[in-house]
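Below is one structure, written out as structure tokens; the observations come after it.
Whatever order the structure lists ligands and atoms in, that order sets their numbers, starting from 1.
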Amino acid sequence: MEIGQLLSSRTRYMSASEIRELLKWATADVISFGGGMPDPSTFPVEDIAKIASYVLEAYPHKALQYGPTEGVYELREEIAKFSESFRGIKTRAENIIITVGSQEALELLGRVFINPGDVVITENPTYLAALQAWRVYEPRLVGIPMDESGMVVEILEERVKQLKAEGARIKFIYTIPTAQNPTGLTMSQDRRKYLLEVAERYDLLVVEDDPYSYFLFEPIQVSPIKALDKSDRVIYLSTASKIFAPGLRLGWVIASEEVIRWFNLAKQSLNLNTSNLVQYMFLEGLRRNVVLKNLPNVRDLYKRKRDAMLAALETYMPQGVSWTRPSGGMFIWVTAPPQIDTRELLKVAVTQYKVAFVPGHGFFVDQSVRNAMRLNFTYPTFEQINEGIRRLALALRGA
Ligand SMILES: Cc1ncc(COP(=O)(O)O)c(CN)c1O
Ligand SMILES: O=C(O)/C=C/CC(=O)O
């Protein structure tokens, strides 16, 4: 049966995630620098196995039953304590909703805030799956350039002034201020304060997406923007994906009670509630300190992997190729000579050189930059990092 005529008009805005599409390349002979996957050796498998059997023995009915859309109250309380002690964010259970990964939080932002033509301001480049989630709501995406200290907030302020003057409806400013995806860059503390000042001055919402502040390799003194928020204008997203296990699909939002109420309403029609079993498992993981006890080792491993990739880039890359030095997180952002289209390069890289990466196009609000690529260093082994960069350099020389 042909369904083309039956599709909704919004499907024209649905496009594949170049990250998800790459997962198929994670074959035996292709070295993939694609998905932002944690090193599987960091998964606390034994702890999770014990926790799963404990939860199913201690409170099976609560774990296996439907649950409250906003999430298990004890978990929301535990995340509030974790956020204050570990991130300096003072909050309460009532200001938290548990989501199916922070990817669901990105969807809830679109569903609750974006009408066609509304302006959403982001860093440029930014997380491509956020753009993917929001495009179906037909926003006007405005990208702000970055430098070594993150989003150039002076340019943000100028753009906000222009947009306000033309009567644009700015719905929120989206930032990944710490070890940003895809660049790995971290916004300075001064810029964080300046961004909040601009948001205060123009009465704007700020969405702070923060999966990576757990993995800062350099001693940079930065605080979550949410920790500086005195007027409930920052919507803070974080996730268990990088500090526990991505396959469990658990994230959370910290925001005003009004935002939480609207996210709750939108989530009811999406999936009723995040898996209770997974919520109780993460709750036990926090209570047993499984999350924090592993972090120093994981951070050290990822720092060594970042250094290994930076060394390999220095060794093998030809003239004209540049890259970021990430302060943390999972990614290095590489810029090839301007004549190279990395989507075209990927085809050759995979088939002839058996190495994969995420082309940079999809991380830009207008897909305007074609000679960039994102490399993940946390998933590949040290040997694959060196050999994969050697192969990538050969592919670039041949381009
Ligand atoms: C900036 C950003 N936001 C959201 C997500 C989605 O994470 P989750 O696994 O919690 O859905 C990711 C995952 N890489 C990310 O990098
Ligand atoms: O690579 C990323 O940034 C995101 C990874 C999550 C996914 O596998 O889609």
4.0 Å heavy-atom contact, Ser17 with ligand 2:
no
Contact between ligand 1 and Lys242 is defined here as a heavy atom of the residue under 4.0 Å from a ligand atom; is it met?
yes
What protein heavy atom sits nearest atom 5 (C) of ligand 1, and how far off is it?
Tyr127 CE2, 3.6 Å
Would you mind reporting whether Ile144 and Ile155 have side-chain heavy atoms less than 4.5 Å apart?
yes
What do you reckon, is CD of Glu258 surrounded by more than 12 foreign heavy atoms closer than 6.0 Å?
no
Going by heavy atoms, is Pro246 under 4.0 Å from ligand 1?
no
Are Arg87 and Tyr236 in a cation-pi contact, defined as NZ or CZ under 6.0 Å from the six-membered ring centre and within 45° of the axis?
no
Any ion pair linking Lys226 and Glu208 (charged N to carboxylate O, less than 4.0 Å)?
no
Using a plain distance cutoff, I'd like to know if Tyr174 has any nitrogen or oxygen under 3.5 Å from a nitrogen or oxygen of ligand 1.
no
Looking at Asp209, Thr239, Leu248, the heavy atom closest to atom 2 (C) of ligand 1 belongs to Asp209
For ligand 2 and Phe331, I'd like to know whether there is a polar contact (N/O to N/O, distance under 3.5 Å).
no
Can you pull out the closest protein heavy atom to atom 9 (O) of ligand 1? Residue, atom name and distance to 0.1 Å, please.
Ser241 OG, 2.6 Å
Do the charged groups of Glu344 and Lys347 touch, with an N to O distance under 4.0 Å?
yes
Below 4.0 Å from ligand 1: does a non-hydrogen atom of Glu104 turn up there or not?
no
Could you tell me whether Glu218 atom CD has more than 12 heavy atoms of other residues or ligands within 6.0 Å of it?
yes
Considering the heavy atoms of Gly35, write down every atom of ligand 2 situated less than 4.0 Å from one of them.
1 (O)
Of all the non-hydrogen atoms in the protein, which one sits nearest to atom 11 (O) of ligand 1, and at what distance?
Arg249 NH2, 2.7 Å
How about Gln221 and Gln189: do any of their side-chain heavy atoms sit closer than 4.5 Å?
no
Would you say ligand 2 has an N or O under 3.5 Å from any N or O of Tyr127?
no
Short list, please: which atoms of ligand 2 are under 4.0 Å from a heavy atom of Arg20?
7 (C), 8 (O), 9 (O)
Using 0.5 Å steps for rounding, measure from the NZ atom of Lys267 to the OG1 atom of Thr274.
3.0 Å
May I ask you to identify the nearest protein heavy atom to atom 16 (O) of ligand 1, giving residue, atom name and distance to one decimal place in Å?
Tyr212 OH, 2.6 Å
Protein residue, atom and distance nearest to atom 7 (O) of ligand 1, heavy-atom basis:
Ser102 OG, 3.3 Å
On a heavy-atom basis, I'd like to know which of Met330, Glu21, Arg374, Met37 is closest to atom 3 (O) of ligand 2.
Arg374
Establish, for the pair Lys62 and Tyr59, whether the NZ or CZ atom is under 6.0 angstrom from the six-membered ring centre and no further than 45 degrees off its axis.
yes
Write down the atom of Ile96, the atom of Ala80, and the distance for their closest heavy-atom approach.
CD1-N, 3.6 Å
Report, in ascending order of atom number, the atoms of ligand 1 lying under 4.0 Å from any heavy atom of Ile176.
1 (C)
Give a yes/no verdict on a cation-pi contact between Arg374 and Phe331, requiring under 6.0 Å between NZ or CZ and the six-membered ring centre and an angle within 45° of the axis.
yes
